[in-house]
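Just so it is clear, the values below take in all heavy atoms, side chains as well, and ignore hydrogens, waters and symmetry mates.
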Amino acid sequence: MASVVEYKGLRAGYHCGYCDSKEGKASCGMWAHSMTVQDYQDLIDRGWRRSGKYVYKPVMNQTCCPQYTIRCRPLQFQPSKSHKKVLKKMLKFLAKGEIPKGSCNDEPMDSTVDDAVTGDFALINKLDIQCDLKTLSDDLKESLESEGKNSKKEEPHELLQSQDFVGEKLDSGEPSHSVKVHTVPKPGKGADLSKPPCRKAKEIRKERKRLKLMQQNPAGEHEGFQAQGQPPSLFPAKAKSNQPKSLEDLIFESLPEDASHKLEVRVVRSSPPSSQFKATLLESYQVYKRYQMVIHKNSPDTPTESQVRLVPVSSEDPEFKSSFSQSFSLYVKYQVAIHQDPPEECGKTEFTRFLCTSPLEAETPPNGPDCGYGSFHQQYWLDGKIIAVGVIDILPNCVSSVYLYYDPDYSFLSLGVYSALREIAFTRQLHEKTSQLSYYYMGFYIHSCPKMRYKGQYRPSDLLCPETYVWVPIEQCLPSLENSKYCRFNQDPEAVDEDRSTEPDRVQVFHKRAIMPYGVYKKHQKDPSEEAAVLQYASLVGQKCSERMLLFRN
């Protein structure tokens, strides 16, 4: 297998959906006819991202809203309080059918910003891909073929709720705070002898600590504390350990046998499409269509009339032309439902172009995950129907989130947040067999756009330095981003890009059915712009990728 790319160069001065600048956005892009998962892993570690088969890299020091690649470290991830609220909300819905009242605006990542997990990709899909890119010639395909090689603890759901004692949540999973005991003044003078004597807060804290240690050591002896005849505690003993629940414990909490709903998550390969993907393509597309109409306010294109018409089959006939799109949509539905045969375009071009097609080659090495590497759809099935789909890439070192769409009727479940947490848990699951696969890539972090800062809440996480391509903890980056949109995160002034292009003559070029180094190719070129384009490409993809990938030139 070989990656084959067609470099399209710089695109600058176009509309930005984040700050609404008319001419502020700038990026470089290339069309990937095919790409190995290792090449794509190396590219996203240099700030590239894909949308369909188009792979792009923002020009960080030039674009109006710099987009920094962000990754989460799932092995150390602990869900925050707001994350736990989303998971508990899902469990209540599954167990009892409870639907939260109101908009839950107190949650920083609630459904009011549900497209937060992937909203930036929705913009990229609409703004960055507007040119028709030609496919490889038959000669190129033939030549490439000749080169190719190819058990959870059960407990009642009620225990998820914290209990309040004297105004303090003792079982919330969060660090406890100091206790404030408010005494009501009594009439008269002096102490009320009919009441227990007042106790200092220090004494109460000591007693609480003693009781905690007694729970850890039933024999009653731990670090100098002994169980002696002490007054009864003001606070009931906690029945649970102080250890916070893991992400998996929260997601896979046992449900009662008579649970109201059943949720199942299936991972199906989207490219090349598996039989499961083909069988569910139409249902998945209908969810996407509703998502675009309701969430992104796209107008529907479904037919509204129910008449029988006879129209001539002629491309010149206006009636035939006006009804062709609807007729084709019906054909699509028939092909998918009856013959399990998905067409190249399923109603909306953007659906298959950006969310189903992928340049990534499917790879299933013996030491890789059971599902293999490549592009997948993670389908969320509720009571036998799809309510959400997460588009993901599984790469040698990470799970990369591409996009999420969902049924707007279930916005109250905060599916944007919930799917991100499920993808983090999925990454941890894959890591158990494939140890090097240990990161969750969330796309781009845009600090200059306040509504796009939500990804920084998935901690611990790192941002990619746009100059030296090393990972820096986000906590170290935020102070600099407060002062400037564009920042070099690497604090070492002597550090450089270790994979910078130092030998451009070794760039691999595919030209006229032949693979050759750029040093050979350039001897036959007279166009001065050709060298500038190749050198720019090499500097952006790095030396390793430039020597592995094939740069297609006409």
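The backbone N or O of Cys398 sits nowhere less than 3.5 Å from a side-chain atom of Arg71 that would complete a donor-acceptor pair. Of the possible polar contacts, one joining the Thr63 side chain to the Ala26 backbone as a donor-acceptor pair under 3.5 Å is found. Panel note: side chain Ser546, backbone Gln543; a donor-acceptor pair is recorded below 3.5 Å. Side chain of Gln379 to backbone of Ile386: no donor-acceptor contact under 3.5 angstrom is found. Between the side chain of Lys92 and the backbone N or O of Ile99 there is no donor-acceptor pair closer than 3.5 Å. Panel note: side chain His377, backbone Leu355; a donor-acceptor pair is recorded below 3.5 Å. One N or O on the side chain of Lys57 and one on the backbone of Arg46 form a donor-acceptor pair closer than 3.5 Å.
Side-chain contact between Arg422 and Val265 is present, with heavy atoms from C-beta onward closer than 4.5 Å. The shortest side-chain heavy-atom distance between Val389 and Gln378 does not fall under the 4.5 Å cut-off. Val5 has its side chain within reach of Met35: a pair of non-hydrogen atoms, C-beta onward, lies under 4.5 Å apart. A heavy-atom distance below 4.5 Å is not found between the side chains of Val496 and Thr468. With contacts defined as side-chain heavy-atom distances shorter than 4.5 Å, the pair Tyr458/Val417 qualifies. Residues Leu464 and Val472 form no side-chain contact, since every pair of their non-hydrogen atoms from C-beta on lies 4.5 Å or further apart. Within the 4.5 Å cutoff, the side chain of Phe376 has heavy atoms near those of the Ile394 side chain. Side-chain contact between Ser400 and Ile392 is absent, with no heavy atoms from C-beta onward closer than 4.5 Å.
With sequence neighbours excluded, the residues forming a side-chain contact (heavy atoms from CB on, under 4.5 Å) with Gln276 are Val268, Ser274, listed by chain and number. Listed by chain and residue number, Arg488 satisfy the salt bridge (Lys or Arg N to Asp or Glu O under 4.0 Å) test with Glu467 (two or more places apart in sequence, or in another chain). Under the salt bridge (Lys or Arg N to Asp or Glu O under 4.0 Å) criterion, Arg459 pairs with Glu475, not counting sequence neighbours. Taking Glu530 as the reference, Arg553 meet the salt bridge (Lys or Arg N to Asp or Glu O under 4.0 Å) condition, with sequence neighbours excluded. Partners of Trp471 by ring-ring contact (aromatic ring centres under 6.0 Å, His included), not counting sequence neighbours, listed by chain and number: Tyr441.
With respect to Asp39 and Lys544, no salt bridge is recorded, no charged nitrogen being found less than 4.0 Å from a carboxylate O.
Counting only N and O atoms by type, the side chains of Arg428 and Ser438 include no donor and acceptor under 3.5 Å apart. Ser358 and Ser271 share no donor-acceptor pair across their side chains, judged by distance under 3.5 Å alone. Ser284 and Tyr405 share a side-chain donor-acceptor pair at under 3.5 Å. Side-chain atoms of His15 and Asp20 include a donor-acceptor pair closer than 3.5 Å.
Separating the OG atom in Ser27 from the CH2 atom in Trp48 is a distance of 9.0 Å, to the nearest 0.5 Å.
Geometric assessment of Arg290 against the ring of Tyr288 yields a negative cation-pi assignment under the 6.0 Å and 45° thresholds.
Aromatic ring centroids of Tyr440 and Phe426 lie 6.0 Å or more apart.
Sorted by first and then second residue, the ring-ring contact (aromatic ring centres under 6.0 Å, His included) pairs involving residues 59-79 (not counting sequence neighbours) are Tyr68-Phe489, Phe77-His83.
Using bins of under 30°, 30° to 60° and over 60° for the plane-to-plane angle, the ring pair Phe510/Phe552 lands in the tilted bin. By the 30° and 60° cut-offs, the orientation of the rings of Phe412 relative to Tyr410 is tilted.
The two residues Ser82 and Gln457 make their nearest non-hydrogen contact at OG-OE1, 4.3 Å.
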**Item:** side chain to side chain contact (heavy atoms under 4.5 Å, CB included) between Tyr18 and Met452, intermediate numbers included
**Value:** CA-CA 9 Å; Tyr18 304 118; Met452 300 309 298; 4.2 Å; yes

